[in-house]
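Let me begin by presenting the structure, written as structure tokens, before commenting on it.
Proteins come first, then strands; the chains are lettered A, B, ... in the order of their sequence lines, and each starts at number 1.
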Amino acid sequence: MSLLQVENLQKIYTTRFGNNQVEALHNVSFSVEKGEYVAIMGESGSGKTTLLNILASLDKPTSGTVYLENQNLGNIKDKKLADFRRDNLGFVFQEFNLLDTFSVEDNIYLPLVLAGKSYKEMNNRIVPISDELGITHLLKKFPYEISGGQKQRVAVARALITNPKLILADEPTGALDSKATDELLRLFSEINEVGQTILMVTHSVKAASHASRVLFIKDGQVFHQIYRGDSTNEELYQKISNTLTILATGGDSI
Amino acid sequence: MKSLYFKLACSGIAKNKRLYIPYILTCVGMIMMYYIIYSLSRCPLLDSIKGGSNAKAVLMLGTFVIIIFSAIFLFYTNSFLVRRRNKEFGLYNILGMNKRNISKVIGCESLILSAGSIIVGTGIGILLSKLAELGLLNVIHSELSYSYVIPFDAVISTFAYFGAVFILLFLNSLRIVGTSNPLALLGSESLGEKPPKGNRIIAVVGLIILALAYYIAVSITSPIDALSWFFLAVIMVIVATYMLFISGSVVLCKILKKNKKYYYKKSHFVSVSSMLFRMKRNGAGLASICVLCTMVLVMLSSTICLYIGAEDSINARYPRDIINEVTLSNEGQDNDAVVNQLHKSIDNIPLVKDKKIKDSVIDYRYSDTYGLLRDNRLITDVRDLETGGAISYSDVCYVMLFSLEDYNRQTHGNEKLGKNEAIISLGRMDFSFDTLSIDGTETLKIKKQVPLFVENGNAVSLINPTIYLVVDDYEDFTAPLKGKIGVTEEPLLSERWYYGFNVDADEQACASITNESLEAIKKISLKYNFGNDSFSYSCSSKAMERGDFYTTFGGLFFIGIMLSIMFVFAAVLIIYYKQISEGYEDRNRFDIMQKIGMTKKDIRKSINSQVLTVFFLPLISAGIHLAFAFPLIWKLLQLFNMYNLPLLIIVTICVFIVFGILYGIIYRITSNVYYSIVSDKA
């Protein structure tokens with residue numbers, strides 16, 4: 001059984017005024033194996049974010065099911081959802097979403113504090129992670145004192161500290177300059193190499209070219225996917241570009 | 001183009017109605033209050049009431065307070081509004097309006113707001129002033145019917161004063177908009193902000209000042225000292241409150257944060273760190289709320305207590321319906337014979353004969369003197385004092401001497417005293433020595449200290465510390481003091497006869513009794529021909545004096561209520577704006593927390609505990625301030641002949657409870673606004 005299994009997902013939004021219905025996702029099915037590094041690509045409005053929100057259990061599908069390690073997300077009670085998210089998923093957002101009232105260290109601790117862990121345990125966990133991400137010297141600072149790239153690394157640390165089954169990244173390079181982007185993608189690859197499963201939504205070809213598999217979404221449907229195979233990053237980059245060109249110019253299928 | 005500015009101004013107000021409606025209400029409220037109090041202080045009716053000038057003076061004082069307070073407060077709220085709207089002005093600027101154009105928009109807004117609130121405020125003021133007049137006349141126990149005149153000078157004064165205030169507010173808005181860079185402000189919210197630095201020194205200094213102020217309040221024994229220290233203590237408390245709320249709370253949170261076991265708990269983690277930020281932003285606002293609450297509590301409890309206790313005060317000042325007091329001569333007269341004759345001629349007045357209630361008579365003689373009390377020595381001649389010792393007014397001690405005979409009659413007792421022994425009773429002071437020496441007489445050994453045994457309105461009306469002294473050999477003891485001249489060029493010792501009784505008669509009969517008594521006393525004084533001496537006499541009826549008390553106490557009560565309403569208004573507005581600005585700040589924060597794994601319930605719980613703490617901190621602090629101010633209030637009320645401690649305690653507690661409930665209701669209303677803002681997104 002796969003780590004993440006998505007079956008026939010459909011999401012229909014009804015606009016607030018009137019009865020206009022918009023289908024954001026249509027019959028989406030795919031699965032992610034443990035240790036995989038999957039990128040989901042698509043243009044704005046293609047349904048990427050809707051998909052991610054459903055995977056993150058922040059939103060509910062109109063129909064279809066999502067399994068995480070055989071656990072059907074739809075069967076989890078609302079009250080338990082937040083706990084479930086905290087214990088099983090790690091999030092990295094485009095806007096970092098660090099809390100300005102907390103120091104860097106406290107921001108990373110936040111999910112553990114919510115889970116009721118002791119300070120000693122939290123401290124034990126943060127040391128290797130902050131070393132690996134190169135943010136040990138930043139721990140006592142506040143978010144306003146550090147750069148965007150550093151903020152995103154802190155956010156990654158916050159996602160990793162709960163040892164999540166799956167990391168969900170929503171445009172993690174969207175607000176970073178090219179140097180910080182390279183740095184973050186290198187980190188993601190490293191994390192993935194030691195076994196962390198990552199699912200990343202992006203429309204950056206460069207970001208996607210680091211993944212082991214790329215899914216393409218168009219108009220709410222999974223349109224195509226590319227496996228890395230033995231390609232280097234550069235070769236994968238080329239393949240993705242080609243696919244996007246075909247998608248954009250209106251190839252019906254590939 | 002002109003109508004465009006006007007339109008922009010109108011739409012600006014309409015779009016920000018969450019901010020503007022409370023502001024307009026406050027303006028209208030302040031203007032209304034000013035008009036009412038001012039027009040009442042000018043009310044011709046008060047001139048025709050006995051003691052009306054007392055009420056007028058109190059009302060003038062109230063007007064003065066309103067002038068100062070409304071100016072400060074409107075400035076505060078106006079700058080809050082303009083700061084909030086800076087972003088909008090920044091947008092206008094980007095869209096191609098220069099600062100001149102923006103000034104015109106602000107000008108239009110100011111015009112609409114000021115003209116509207118002045119007209120509406122004055123209008124409501126005119127309508128309600130009749131009601132207020134009725135209320136005032138009622139509390140000062142006047143039966144005059146009210147007038148229908150609109151005092152135009154009050155209208156003009158209201159327009160002029162608030163017109164000036166609004167012009168200044170307009171200039172202030174221009175200053176704020178002019179000195180800020182709207183472009184930078186547009187993006188300011190996403191910048192994040194520095195963590196607050198708690199200044200330990202300020203916190204410690206604040207704590208020390210507060211402790212000193214509390215010490216002053218608690219340790220003062222004499223009402224005169226209370227009067228002179230009161231304002232200093234008030235200012236110290238205000239300063240300390242601001243220091244502690246701004247800095248002390250941050251320091252406290254930091255200490256909590258240092259305790260890792262405490263801090264890294266689910267229930268403390270979020271609230272402590274957010275409180276840290278909240279306190280930095282809101283320390284001043286919370287301190288203002290606390291100060292306003294304290295003022296309202298102190299004002300209401302003291303004025304209500306005075307008003308309810310007015311009858312007690314009157315009874316203390318005039319223990320009987322009719323009070324005669326005659327100062328006798330020191331110079332060799334047979335005072336016993338004089339008093340006898342006085343007694344007889346008063347009792348012979350037909351009305352007195354008929355209506356006097358026998359059981360109620362108080363009748364005694366006493367001598368009084370005064371001097372500077374140093375430890376247990378009463379210095380009667382200040383010129384005897386070694387130079388360098390500063391004279392405090394509260395050291396000036398009033399001494400009343402009674403004969404043992406009178407004492408036993410008053411107390412229905414059978415006390416015996418040896419030579420140079422005395423019984424002592426104290427008013428408004430402490431005295432813990434075994435002996436007392438009055439310059440020029442023999443040192444007295446104090447046999448015992450007793451509670452007050454005579455009823456004497458004069459002693460009550462004084463504010464000085466007072467010693468009531470009973471000696472056996474009264475004549476011998478006072479002899480050395482007779483004939484001495486005090487510093488005020490008046491005899492040092494005066495002997496007086498105090499004669500009071502109740503009558504079963506109405507106010508008019510009382511008036512004629514006093515008149516006839518005065519005639520009778522005058523006749524006797526001429527007969528003994530001590531006209532050029534310090535022979536003086538007075539005769540008063542309680543019924544006639546009552547008006548004076550009620551105009552003063554009623555006026556204070558009325559002004560206390562009015563000012564309290566205004567202060568509560570102000571506190572509510574500060575609370576409301578605080579909730580709004582916090583709501584907008586917290587919105588994103590709670591959104592993030594939810595994404596990271598906080599349940600809605602956790603968030604709501606955390607919000608609740610924070611809002612609750614932040615909200616009730618000022619009320620609790622105000623309660624503590626009130627508790628420490630209590631001894632001071634008690635002393636001050638004694639200056640108004642208010643000696644009913646249980647009444648003051650009950651009134652104070654009731655005022656606090658009622659105010660607390662009101663505060664809770666305000667909390668519920670304003671926190672709903674907060675929740676609606678936060679849950680817009682979360």
Side-chain angles (χ1 to χ4, degrees), chain A residues 52-53 56-59 77-93 95-123 140-146 148 151 155 158-159 161-162 164 168 170 175, chain B residues 187-197 250 253-254 256-282 582 584-607 610 680-682:
Chain A
L52 196 75
N53 281 342
S57 68
L58 290 168
D59 203 349
K77 281 182 188 148
D78 277 353
K79 278 186 191 164
K80 297 278 172 199
L81 267 180
D83 293 344
F84 174 81
R85 267 204 298 279
R86 197 180 59 221
D87 296 339
N88 297 294
L89 303 171
F91 293 93
V92 180
F93 306 94
E95 299 298 334
F96 322 133
N97 279 352
L98 299 181
L99 291 164
D100 52 6
T101 54
F102 287 121
S103 68
V104 165
E105 186 180 12
D106 290 349
N107 261 296
I108 299 172
Y109 285 152
L110 184 62
L112 290 184
V113 174
L114 293 176
K117 295 278 187 286
S118 72
Y119 175 69
K120 214 176 134 194
E121 190 186 340
M122 295 193 291
N123 202 28
K140 296 293 170 202
K141 296 200 165 174
F142 275 79
Y144 81 101
E145 292 171 306
I146 61 179
K151 278 184 197 166
R158 182 179 63 188
I161 200 156
T162 54
L168 295 172
D170 186 6
Chain B
S188 68
E189 262 171 43
S190 55
L191 272 177
E193 70 175 306
K194 289 184 188 183
K197 289 204 174 76
V250 172
C253 285
K254 288 216 155 168
L256 288 180
K257 208 173 162 177
K258 282 235 172 82
N259 182 348
K260 293 209 156 66
K261 270 213 170 117
Y262 176 87
Y263 178 54
Y264 289 107
K265 280 264 164 59
K266 189 176 176 181
S267 45
H268 304 145
F269 191 56
V270 175
S271 36
V272 169
S273 65
S274 329
M275 288 279 277
L276 205 59
F277 274 76
R278 244 167 237 262
M279 282 308 188
K280 176 197 169 205
R281 285 262 175 118
N282 299 309
E582 276 181 11
Y584 285 118
E585 266 169 41
D586 288 346
R587 207 146 84 165
N588 285 327
R589 221 166 273 157
F590 286 119
D591 195 32
I592 296 173
M593 289 194 201
Q594 213 184 333
K595 280 185 185 161
I596 287 167
M598 240 180 143
T599 56
K600 276 204 164 141
K601 209 174 131 203
D602 284 341
I603 293 177
R604 199 148 178 122
K605 235 162 115 184
S606 145
I607 293 179
Q610 287 173 57
D680 256 8
K681 212 170 168 183

Side chain to side chain contact (heavy atoms under 4.5 Å, CB included), paired with B:I592, selected from A:L99, A:D100, A:L110: A:L99
Heavy-atom contact with chain B under 4.5 Å, split by part of A:L98: backbone
Structural part of A:D87 lying under 4.5 Å from a heavy atom of chain B: neither
Worked verdict on B:K257 versus A:D106 for side-chain contact (heavy atoms from CB on, under 4.5 Å): CA-CA 11 Å; B:K257 208 173 162 177; A:D106 290 349; 3.8 Å; yes
Winner by heavy-atom pair count (cut-off under 4.5 Å) against chain B, out of A:K120, A:K117, A:R158: A:R158
Engaged part of A:F84 at the chain B interface, taking heavy atoms whose separation is under 4.5 Å: neither
Ring geometry between A:Y119 and B:Y264 (parallel below 30°, tilted from 30 to 60°, perpendicular above 60°): parallel
